[in-house]
Amino acid sequence: DEKENATWKSFSNNIPKGVLSFTLKACSNGLNTPDNLMRWGIRKTNKCELCKNPSNLQHILNWCPKALKEGRFTWRHNSVLSYLTTSLKKNISEDLEIFADIPQFWLNGSTIPPDILCTSLRPDLVIIDRSKKCIELLELTCSFETNIDSANIRKTKNYTDLKGDIERNGWTVALVPFEVGSRGLMTRRNRDSLVGVFKRNRIKLKHTALFRDLAKISLLCSYSIFQAHCVPTWQDPPLLHP
């Protein structure tokens, strides 16, 4: 629709040309991935350089077990989460508390205060309104867009028991899984989920600009991950901001 096109135009005008080319090819399966190189007759195998499993774009951006173990995907996830948390903390009222599963936003290594519940679980982002005894548990996924719904369902199931434990302590709990796609896509459903969180907690910020920036961070990280998909070692760079 027109709103989607306007958002994409604003987004595409603010990324380097090389990344824009990567984005367009990533959406049309035109990148020089192992499966495409074999299909084009350029190489004889479709194996991943890192893990030696069959490789395509989804594998490179989200599935490679060696890349996962090295923290390549975690770096992208934490870059998106860090920017979102920083943006929220700049716009919250004094009666709200925000914690996130990144060391600089931890509360003694946790994201849930022990007076609410003693647990080893750390939801990605926690927003607490003590005056209303309300808590929002947000879980971020940066998976390939075709897996958005299944990823959100899995995230919800992982924290259903935690939600029940907190509710038994007298709190109202909202469990909100959301997705920023690895190719820079935020669906309407995911945007609406976050807007609902902002409204419930009276967090006033420019939604369109924030969602554009979150998508841009995920895309830039994926571009870096793709550029390094034949590099055998990985050293975490600083978390990206747009």
Sequence neighbours excluded - ring pair (Phe, Tyr, Trp, His ring centres under 6.0 Å) pairs with any residue from residues 189-212: F198-H207
Do T172 and I135 come within less than 4.5 Å of each other through their side chains, counting heavy atoms only? no
Enumerate, atom names and distances included, each donor-acceptor pair closer than 3.5 Å involving a side-chain atom of residues 228-238, sequence neighbours excluded.
from : atom 1 : to   : atom 2 : distance (Å)
H229 : ND1    : F226 : O      : 2.5
W234 : NE1    : D236 : OD1    : 2.6

A side-chain contact here means heavy atoms from C-beta on lying under 4.5 Å apart; do L84 and L210 qualify? yes
Residues L88 and L125: closest non-hydrogen pair is CD1-CD2, 3.7 Å
When Ile, Leu, Val, Met, Phe, Trp and Tyr are grouped by side-chain heavy atoms lying under 4.5 Å apart, directly or through other members, which residues fall in the same group as L37? W40, I42
More than 12 heavy atoms from other groups under 6.0 Å of NZ on K52: yes
Counterpart residues, side-chain hydrogen bond (donor to acceptor under 3.5 Å, both in side chains), relative to K66 (two or more places apart): E70
More than 12 heavy atoms of other groups within 6.0 Å of K133 NZ: yes
Taking side-chain hydrogen bond (donor to acceptor under 3.5 Å, both in side chains) as the definition, give me every residue that meets it alongside N46, ordered by chain and number, with sequence neighbours left out. none
Interatomic distance, CZ@R76 vs CD1@I225, rounded to 0.5 Å, equals 4.0 Å
Kindly compute the distance separating OG1 (T187) from CD (E179), expressed to the nearest 0.5 Å. 8.0 Å
Which pair of non-hydrogen atoms, one from I60 and one from F73, has the smallest distance, and what is that distance? O-CE2, 3.4 Å
Checking D35 against H59: is there a side-chain donor and acceptor pair closer than 3.5 Å? no
Salt bridge flag under 4.0 Å for residues R168 and D165: yes
Going by side chain to side chain contact (heavy atoms under 4.5 Å, CB included), name the residues that satisfy it together with K204, two or more places apart in sequence or in a different chain. none
If the condition is side chain to side chain contact (heavy atoms under 4.5 Å, CB included), which residues does S93 pass it with, not counting sequence neighbours? D95, L96, R202
Taking C-beta and beyond as the side chain, do D124 and H77 meet within less than 4.5 Å on heavy atoms? yes
How close do R39 and N36 get, heavy atom to heavy atom, and via which atoms? NH2-OD1, 2.6 Å
State, yes or no, whether a side-chain contact exists between L138 and L194 at a heavy-atom distance under 4.5 Å. yes
Taking all non-hydrogen atoms of both residues, which atom of D129 and which atom of S131 are closest, and how far apart? OD1-OG, 2.5 Å
Hey, what do you get for CG (L240) to CG (D213), rounding to the nearest 0.5 Å? 12.5 Å
side-chain hydrogen bond (donor to acceptor under 3.5 Å, both in side chains) with E167: which residues, sequence neighbours excluded? K163
Would you tabulate the side-chain donor-acceptor contacts of residues 108-117 under 3.5 Å, counting partners in other chains and residues two or more places apart, or write 'none'?
from : atom 1 : to   : atom 2 : distance (Å)
S110 : OG     : I112 : N      : 3.1
S110 : OG     : I112 : O      : 3.2
T111 : OG1    : P123 : O      : 3.1
D115 : OD1    : R130 : NH2    : 3.3
D115 : OD2    : R130 : NH1    : 2.8
D115 : OD2    : R130 : NH2    : 3.4

As an exercise, state the distance from CG of D101 to OG of S82, rounded to the nearest 0.5 Å. 12.0 Å
Less than 4.5 Å apart, any side-chain heavy atom of L220 and any of S224? no
Partners of S120 by side chain to side chain contact (heavy atoms under 4.5 Å, CB included), sequence neighbours excluded? none
Mind checking side-chain hydrogen bond (donor to acceptor under 3.5 Å, both in side chains) for N53 and listing every partner two or more places apart, or none if nothing turns up? none
With a 4.5 Å limit on heavy-atom distance, are the side chains of E136 and V176 in contact? yes
Smallest separation among heavy atoms of C142 and S182, with atom names: O-CB, 3.7 Å
Which heavy-atom pair separates V180 from S218 by the least distance, and what is that distance? CG1-CB, 3.7 Å
Let me see the working for R72 and L50 under side-chain contact (heavy atoms from CB on, under 4.5 Å), right down to the final yes or no. CA-CA 12 Å; R72 302 186 189 207; L50 300 179; 3.7 Å; yes
Between OG1 of T119 and CD1 of I166, what distance do you get to the nearest 0.5 Å? 7.5 Å
Evaluate the side-chain proximity of I92 to N201: yes if any heavy-atom separation is below 4.5 Å, no if none is. no
Is there any ring pair (Phe, Tyr, Trp, His ring centres under 6.0 Å) pair reaching into residues 92-136, and which pairs are they, with sequence neighbours excluded? none
To the nearest 0.5 Å, what is the distance between CH2 (W171) and CG (L137)? 11.0 Å
Taking side chain as C-beta onward, heavy atoms only, is P54 less than 4.5 Å from K47? yes
